[in-house]
There are 2 protein chains.
Amino acid sequence: MKRLIENIRNKLSEKGLKVTPQRISILEAIYSLNNHPTADNIIEFIRVSHPNIATGTVYKVLDTLVENKLIKKVKTDRDILRYDGIVDNHHHIYCSECDLIEDYKDEELDVLLKEYFNKKQFEGFKLEDIVVQIRGTFDKC
Amino acid sequence: MKRLIENIRNKLSEKGLKVTPQRISILEAIYSLNNHPTADNIIEFIRVSHPNIATGTVYKVLDTLVENKLIKKVKTDRDILRYDGIVDNHHHIYCSECDLIEDYKDEELDVLLKEYFNKKQFEGFKLEDIVVQIRGTFDKC
DNA sequence: TCCTTAATGAGAGTCATTCTCCTTTAGTGA
DNA sequence: TCACTAAAGGAGAATGACTCTCATTAAGGA
């Protein structure tokens, strides 16, 4: 736990961001809440230890973290914005029945896509990132 | 134009949906406004010829159309829902600078992905759809 | 043409997110 | 170590996209 917080401090100052208790607990919340929390999940989690944090602050910090690539936004077509503490390239599996979003890492796929798009070459466009959305239904749902 | 409306009528009744003037003009708006309009874009467009349409009606019709797979939802990074009149399998290019979403059709890519995921086989998961999100920046932005 | 049921209009309500403005604090430099 | 300044946070009002409710209207089948 100590170690996690030390790690968070380093990440923040590496980016030239002020290390504030609010920023630390928000990142801590994202790392603790596994499944792509919403802003609301994060606020609820933090209020336990930090009852006075303002919702505006949480949104502002989340924006800052996204800008500095310490977290990612996850787009879903069905509901509100979610946040993802994993910034390595990875994909998402969306269940059509429940609201779950699962992470999907697949280096073989990454290589395949990278090679494909390298060959392709877009005119007038600088490619930054490719994310695959896999939609389907879990049998358990 | 006559032809477009006839086409829309057919699509609606094929799905067993009542053919109402509101539904027709909403679909017409989506087909006319090319680039993935927001609900607001659609409302603005329709009000010209149909000033009394209620915003609630527009949202309700859009939901119905999505449910019946006559249109698709797309979400931008800035968290605004947009609607897409193209329901064939296709992908999207997201610009990090502007909020534009461009369509990206690529059958070679579709085949590649289909083969890849056929080989892969997920346990306990029924695959429905694979969409690739391509993020980057247009030089013009 | 009539009847039933679904669709629409109007407008109030909701709720995630943003804004404003004042206070507090992190980090720098003396 | 302390003081200063710009950046960050708190409180809560404001915004705006979307939803709900309920009375009215109209599509489509009998």
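Letters A, B, ... are given to chains in the order of the sequence lines, protein chains preceding strands, and every chain is numbered from 1. Computation of the quantities below employed the complete heavy-atom set of this structure, encompassing side-chain atoms and omitting hydrogens, waters and symmetry-equivalent molecules.
Computed from C1' positions of five pairs at each end, the angle between the two local axes of the helix from C:dT1-D:dA30 to C:dA30-D:dT1 equals 40°, rounded to 10 degrees.
Following rounding to the nearest Å, B:Arg23 (CZ) and D:dA26 (P) show an atom-to-atom distance of 15 Å. One can place CD1 of B:Ile43 at 11 Å from P of D:dT19, the figure rounded to the nearest angstrom. One can place CD1 of B:Ile46 at 14 Å from C1' of C:dG9, the figure rounded to the nearest angstrom. A straight line from CD1 of B:Ile24 to P of C:dA7 spans 14 Å, rounded to a whole angstrom. We find that CG of B:Leu81 is positioned 15 Å from P of C:dA16, with the value rounded to whole Å.
Around the NZ atom of A:Lys126, the shell of radius 6.0 Å holds no more than 12 heavy atoms that belong to other residues, nucleotides or ligands. Residue B:Glu128 qualifies as enclosed at atom CD: its count of foreign heavy atoms under 6.0 Å is above 12.
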Contact list (N/O, under 3.5 angstrom) for nucleotides 27-30 of chain D vs protein:
residue: D:dG28; atom: OP1; partner: B:Val19; partner atom: N; Å: 2.7

Quick test: give all pairs of protein nitrogen or oxygen and nucleotides 14-16 of chain D nitrogen or oxygen below 3.5 Å, distance rounded to 0.1 Å.
none

Listed pairs, N/O of protein and of nucleotides 28-30 of chain C, under 3.5 Å:
none

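For DNA chain C, the neighbouring residues in residues 49-71 of chain A, judged by any heavy atom under 4.0 Å, are A:Gly56, A:Tyr59.
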Inset, instruction - Verify side chain to side chain contact (heavy atoms under 4.5 Å, CB included) between A:Ile130 and A:Asn89, making sure each step is shown before the conclusion. - result: CA-CA 8 Å; A:Ile130 295 170; A:Asn89 197 268; 5.9 Å; no
Inset, instruction - Carefully, step by step, assess B:Glu28 and B:Leu4 under the rule side chain to side chain contact (heavy atoms under 4.5 Å, CB included). - result: CA-CA 8 Å; B:Glu28 206 188 336; B:Leu4 172 64; 4.0 Å; yes
Inset, instruction - Show your reasoning for whether side chain to side chain contact (heavy atoms under 4.5 Å, CB included) applies to B:Lys114 and B:Leu109. - result: CA-CA 8 Å; B:Lys114 197 166 193 173; B:Leu109 177 63; over 6 Å; no
Inset, instruction - Could you walk me through whether B:Phe125 and A:Thr137 pass side chain to side chain contact (heavy atoms under 4.5 Å, CB included), step by step? - result: CA-CA 6 Å; B:Phe125 182 76; A:Thr137 317; 5.7 Å; no
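In this structure, B:His90 contributes its side chain and B:Lys105 its backbone to no donor-acceptor pair below 3.5 Å.
Summarising the geometry of B:Ile30 relative to B:Pro37, their closest heavy-atom pair is CA-CG, 4.3 Å, with the distance given to 0.1 Å. A pairwise comparison of heavy atoms in B:Lys72 and B:Ile86 identifies CD-O, 4.0 Å as the closest pair. When all heavy atoms of B:Tyr31 and B:Leu70 are compared, the closest pair comes out as OH-O, 4.2 Å.
Scanning for ring pair (Phe, Tyr, Trp, His ring centres under 6.0 Å) contacts around A:Tyr116 gives an empty result, with sequence neighbours left out.
Judged purely by distance below 3.5 Å, without hydrogens or angles, the side chains of B:His36 and B:Asp103 pair a donor atom with an acceptor atom. A donor-acceptor pair shorter than 3.5 Å can be found between the side chains of B:Asp110 and B:His91.
In this structure, A:Val66 and A:Leu62 have side chains that are not in contact, with every pair of non-hydrogen atoms separated by 4.5 Å or more.
For B:Tyr104 and A:Phe122, the distance between ring centers is under 6.0 angstrom.
Under a cutoff of 6.0 Å and an axis angle of 45°, A:Lys140 and A:Phe138 form a cation-pi pair.
A:Gln22 has a side-chain polar atom (N or O) that falls below the 4.0 Å cut-off from OP1 or OP2 of D:dG10.
Checked against D:dA17, C:dA16, C:dG9, the side chain of B:Asp40 finds its nearest nucleotide in D:dA17.
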